[in-house]
Student: 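Here you go, one structure.
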Amino acid sequence: MASPEQSVVVSGIGQSAVGRPVDRDPMALTADACLAAIEDAGLTRSEIDGLATYPGGALGSASPGFAAGGIVEIQDMLRLELDWWNGTAETAGQLGSVITAVAAIAAGFAKHVLCFRTVWEASAQGKGGRRGIGTGGGGGGIPRAGGEMQWRLPFGAASAACWIAMMAQRHFHEYGTTREQLAWIALNARKNAALNPAAIYRDPMSLDDYLGARMISTPFCLYDCDVPVDGSTAFVLSHVDTARDLRRPPLRIEAIGSALRGRPSWDQFDDLTTMALRDAAKMMWERTDLKPSDVDVAECYDGFSFIALAWLEALGFCKPGEGGPFIEGGERIGLGGEIPLNTHGGQLSAGRLHGYGFFHEACVQLWGEGGERQVPGDPAVAIAAAGGGPLGGCLLLARS
Amino acid sequence: MSDLPFRLLPRIGPENEHFWTGGAAGELRLLQCPACETWVHPPQPICPACLGEPLVARATSGRATLHTYTVNHHPWIPGFDPPYIIAIVTLNEDPRVRLTTNLVHCEEADLRIGMPLAVCFEEREDGIFLPLFEPDTN
Ligand SMILES: [Zn+2]
C-alpha cells in the first residue's frame, strides 16, 4: 500500500542557537534555522517554493514570545518566491503545519517546502516566570474571558499545566499510575540531555530530586513542565522526484496522523487519559504496513511529562493504561531500550521548541548524527509526535 | 463581595447569559434540546444530536460527580492566590456534559474521584454567579 505522503521526503534540517535566553533578534533566529535547513538539503533560497509554519502571524502574540513572524514576514525577510504557503495554529498540533506541507507536496502544489517554528519565551517572560495563556476576551481595562477560555479562566485554570494535570490525575485514578512512574519521562529526558551539548538542563536528576521539587499543579511538579527557551527550528520537505538534487539521503514520510474526532475540548473530550493522540496515532497506523515493533526511536511531545506517556500508549508501544509500569525504571525508553524516547532531552530538558524539536531529533537519529546520544543499531524508522489535549499530530519517518 | 479573591470573569452575551447568571435564582442552567432532551454545553445554536433548534436554557439539578481534579500551586493570575482546587465534574443529568470549576468547602485529603458534588454559587460583579461545587452531603 502506498499512501500519498510516501512521495514526500525530508531533505534538510536546521536549528538556530537555543538558550535561556539567546541574545539575538527572534526573526534572525528564524533566518538562522531556515538558511541552515536549506543548505543542509543542498538547495538554495530560489528553489524553495513553499513555506509553512505554526502558529502563523495571527496567533504569534497569543502569549509572550510564542512566535516570531508569520508566513509573510519570513517570505519577505528571505525574499522567497512561493507557490504555496500556510501558517495556522488551527491544525493537528504543532506538527500539523508539517503535515499540511506534506499534503501540498504530495498534491504537486510545491516541490520544496520550508517549515519553521520560532519561540522566544525565555526572553519574553524574563524574570517574571511562566504565565498563563491569553484570556480570549480582548477589550481594555480588566480583561474578560471569552471564547472557550471563559469555561476555565474564571476558575484559575489559566495554564495547560492545570488542564493536562487533570488528565494525568484521571489516568492515575483509572490505572493506578503513580508519580514515581511518571517521573521517568523527566528522568529519561535529563539522562539524554546530558549527552546533548545543545540541551538546556544537563545536570543529573534523581528520583528524589524529582519527588522533592515544588508542585505546580498536582500531580505535576516543576520537572513535569517543559523549559521555555529562545530558538528556531526548520526543515525542508521535498518531493521524492527531486531526490537527485539533494545533498543527503532523504528520509521518507511513511505515514501521517492528523485525526480530529470526538469533542476537541480540554474538558469535554470523551477519554481524558488518551486525549486526541489516540485518534491521530490510529490514523497513522492505518496508512502504513509498518507496525509499532518496527519503530527504532520515538520523539514524543513532553510539554508536560504526561503527554509523552499518553503518546507511548496511543502509538501502541504499550497497552492503554500501561504507560506507568512501561516507563518505570527507564530501561525500556532509554537509549539502548525497546523504544528510545526523546533522545535529545525533550522539551523538559532540551528546551521548549514547541513540537519542532521532536521532528528535528527524529531526523538527526535517522541520519546517524546523534553523537553521544545516537541510538545504537543504525535506526531506520522514527516517530515524531506533537500536541496534547484536543490537538495532536504525528509522522512516521523511514530511511528510504 | 470585597473579601472575595480577584477572578477573571467571563464576557457575558446572549449566548452564555443563562449559564453565568442563573445562580441569582440558585439554578445551574444549561441549554437543552426540547425535541430530544440532549443537554448541550458549551452553548451552540443547534442540537448536535438531532440538529433541532432552538435550544432552551433549563435548570439542572446542580448535582454532579467528580471526574478529575488538580490542586494548583502556581500563581498564574495575580490576586487569585494558590493553592486552590480545580476540577472537572460530570453532570448527573448526563455524564457526557462536563464543567471545569473549583471545589470549595473541602480539602485535598477529602477528594475522591467519583464523589458526589452539589453546585454552590459565588456572586460577583455585574450579576455574574460563578458555579462552584462542594461535597454533596444529602
Ligand atoms: Zn436534539
Side-chain angles (χ1 to χ4, degrees), chain A residues 128-139 142-174 213-222 224-225 262-263 265-273 304 306, chain B residues 5-13 15-16 19-20 40-44 48 66-91 95-104 108 111-114 122 124-126 128-133:
Chain A
R130 196 153 176 176
R131 295 169 202 174
I133 70 167
T135 61
I142 294 176
R144 287 286 177 106
E148 51 130 17
M149 289 301 294
Q150 74 178 292
W151 309 113
R152 296 188 301 278
L153 266 186
F155 309 104
S159 165
C162 309
W163 317 335
I164 303 278
M166 288 193 281
M167 298 173 180
Q169 187 67 56
R170 182 74 198 179
H171 195 279
F172 281 26
H173 170 74
E174 286 191 28
R214 76 183 165 89
M215 295 307 293
I216 300 295
S217 197
T218 61
F220 290 163
C221 69
L222 184 65
D224 292 301
C225 308
R263 299 194 64 192
S265 156
W266 291 95
D267 50 12
Q268 309 292 335
F269 193 79
D270 56 280
D271 187 346
L272 296 181
T273 70
F304 300 99
F306 174 69
Chain B
F6 171 80
R7 286 184 191 259
L8 283 163
L9 295 175
R11 182 176 299 283
I12 305 299
E15 76 292 347
N16 64 3
F19 183 85
W20 294 114
V40 180
H41 184 77
Q44 61 181 49
L66 180 57
H67 188 68
T68 187
Y69 64 91
T70 180
V71 183
N72 176 67
H73 292 270
H74 191 79
W76 305 105
I77 301 171
F80 191 41
D81 295 332
Y84 50 87
I85 304 167
I86 306 166
I88 296 174
V89 305
T90 59
L91 278 203
R96 292 171 301 181
V97 177
R98 301 184 189 146
L99 301 177
T100 296
T101 183
N102 295 127
L103 299 188
V104 294
E108 181 173 6
L111 303 180
R112 299 286 179 272
I113 286 179
E122 183 175 299
R124 303 297 307 214
E125 303 86 306
D126 304 335
I128 294 172
F129 287 72
L130 298 176
L132 312 180
F133 284 79

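Proteins come first, then strands; the chains are lettered A, B, ... in the order of their sequence lines, and each starts at number 1.
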Student: What's the shortest heavy-atom distance between B/Leu8 and A/Pro143, and which atoms?
Tutor: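 Taking B/Leu8 first and A/Pro143 second, the nearest heavy atoms are CD2-O, 3.4 Å.
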
Student: With side chains defined as the heavy atoms from C-beta onward, is the minimum distance between A/Gln150 and B/Asn16 less than 4.5 Å?
Tutor: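 When only atoms from C-beta onward are counted, B/Asn16 and A/Gln150 do touch, with a gap below 4.5 Å.
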
Student: Please determine, among A/Ala157, A/Ala165, A/Gly156, the option with the most heavy-atom pairs under 4.5 Å with chain B.
Tutor: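 Max contact count across the listed options: A/Gly156.
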
Student: Can you tell me how far apart NE2 (B/His67) and CD (A/Gln169) are? Round to the nearest 0.5 Å.
Tutor: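 CD of A/Gln169 is found 11.5 Å from NE2 of B/His67.
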
Student: Does A/Arg214 reach the side chain of B/His74, with side-chain heavy atoms less than 4.5 Å apart?
Tutor: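 Yes; the side chains approach each other to less than 4.5 Å.
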
Student: Using 0.5 Å steps for rounding, measure from the CG atom of B/Asn102 to the CZ atom of A/Phe155.
Tutor: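 Going from the CG atom of B/Asn102 to the CZ atom of A/Phe155 covers 6.5 Å.
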
Student: Just so I know, are the side chains of B/Glu108 and A/Thr218 near enough to count as touching, which here means a heavy-atom distance under 4.5 Å?
Tutor: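 B/Glu108 reaches A/Thr218 side chain to side chain.
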
Student: Do the non-hydrogen side-chain atoms of B/Val71 and A/Met215 ever get within less than 4.5 Å of each other?
Tutor: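 Result no, sub-4.5 Å side-chain heavy-atom pair not found.
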
Student: Are any non-hydrogen side-chain atoms of A/Leu272 and B/Arg98 less than 4.5 angstrom apart?
Tutor: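 A side-chain contact exists here, since the closest heavy-atom pair is under 4.5 Å.
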
Student: With side chains defined as the heavy atoms from C-beta onward, is the minimum distance between A/Cys221 and B/His73 less than 4.5 Å?
Tutor: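 Of all side-chain heavy-atom pairs linking B/His73 with A/Cys221, none is under 4.5 Å.
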
Student: Do A/Arg144 and B/Ile128 have side chains that get closer than 4.5 Å, going by heavy atoms?
Tutor: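 Result yes, sub-4.5 Å side-chain heavy-atom pair found.
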
Student: Quick one: CG on B/Leu99 to CZ on A/Arg152, what's the gap to the nearest 0.5 Å?
Tutor: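 Reported value, rounded in 0.5 Å steps: 12.5 Å.
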
Student: With a 4.5 angstrom heavy-atom cut-off, is it the side chain or the backbone of B/Tyr84 that approaches chain A, or both, or neither?
Tutor: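 The side chain, not the backbone.
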
Student: Considering non-hydrogen atoms only, spot the tightest contact between B/Thr70 and A/Cys162 and give its length.
Tutor: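 Closest approach of B/Thr70 to A/Cys162: CG2-O, 3.8 Å.
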
Student: Side chain, backbone, both or neither: which part of B/Ile88 has an atom under 4.5 Å from a heavy atom of chain A?
Tutor: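 Contact with chain A: backbone and side chain both.
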
Student: Is any side-chain heavy atom of B/Trp76 closer than 4.5 Å to a side-chain heavy atom of A/Ile216?
Tutor: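 They are in contact (side-chain heavy atoms under 4.5 Å apart), so the answer is yes.
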
Student: B/Arg7 and A/Pro154: which non-hydrogen atoms are nearest, and at how many Å?
Tutor: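 Residues B/Arg7 and A/Pro154, closest heavy atoms: NH1-O, 2.8 Å.
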
Student: Taking atom CG of A/Leu153 and atom CD1 of B/Ile77, what is their separation to the nearest 0.5 Å?
Tutor: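 If we round to the nearest 0.5 Å, A/Leu153:CG and B/Ile77:CD1 are 5.5 Å apart.
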
Student: Let me confirm one number: the OG-CD1 distance from A/Ser217 to B/Ile85, rounded to the nearest 0.5 Å.
Tutor: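 Separation between the atoms: 11.0 Å.
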
Student: Name the orientation class of the two ring planes belonging to A/Trp151 and B/His41 (parallel below 30°, tilted from 30 to 60°, perpendicular beyond 60°).
Tutor: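 Rings of A/Trp151 and B/His41: perpendicular, over 60°.
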
Student: Quick one: pull up CD1 in B/Ile113 and CE in A/Met166 and give me the separation to the nearest 0.5 Å.
Tutor: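 That separation rounds to 11.0 Å.
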
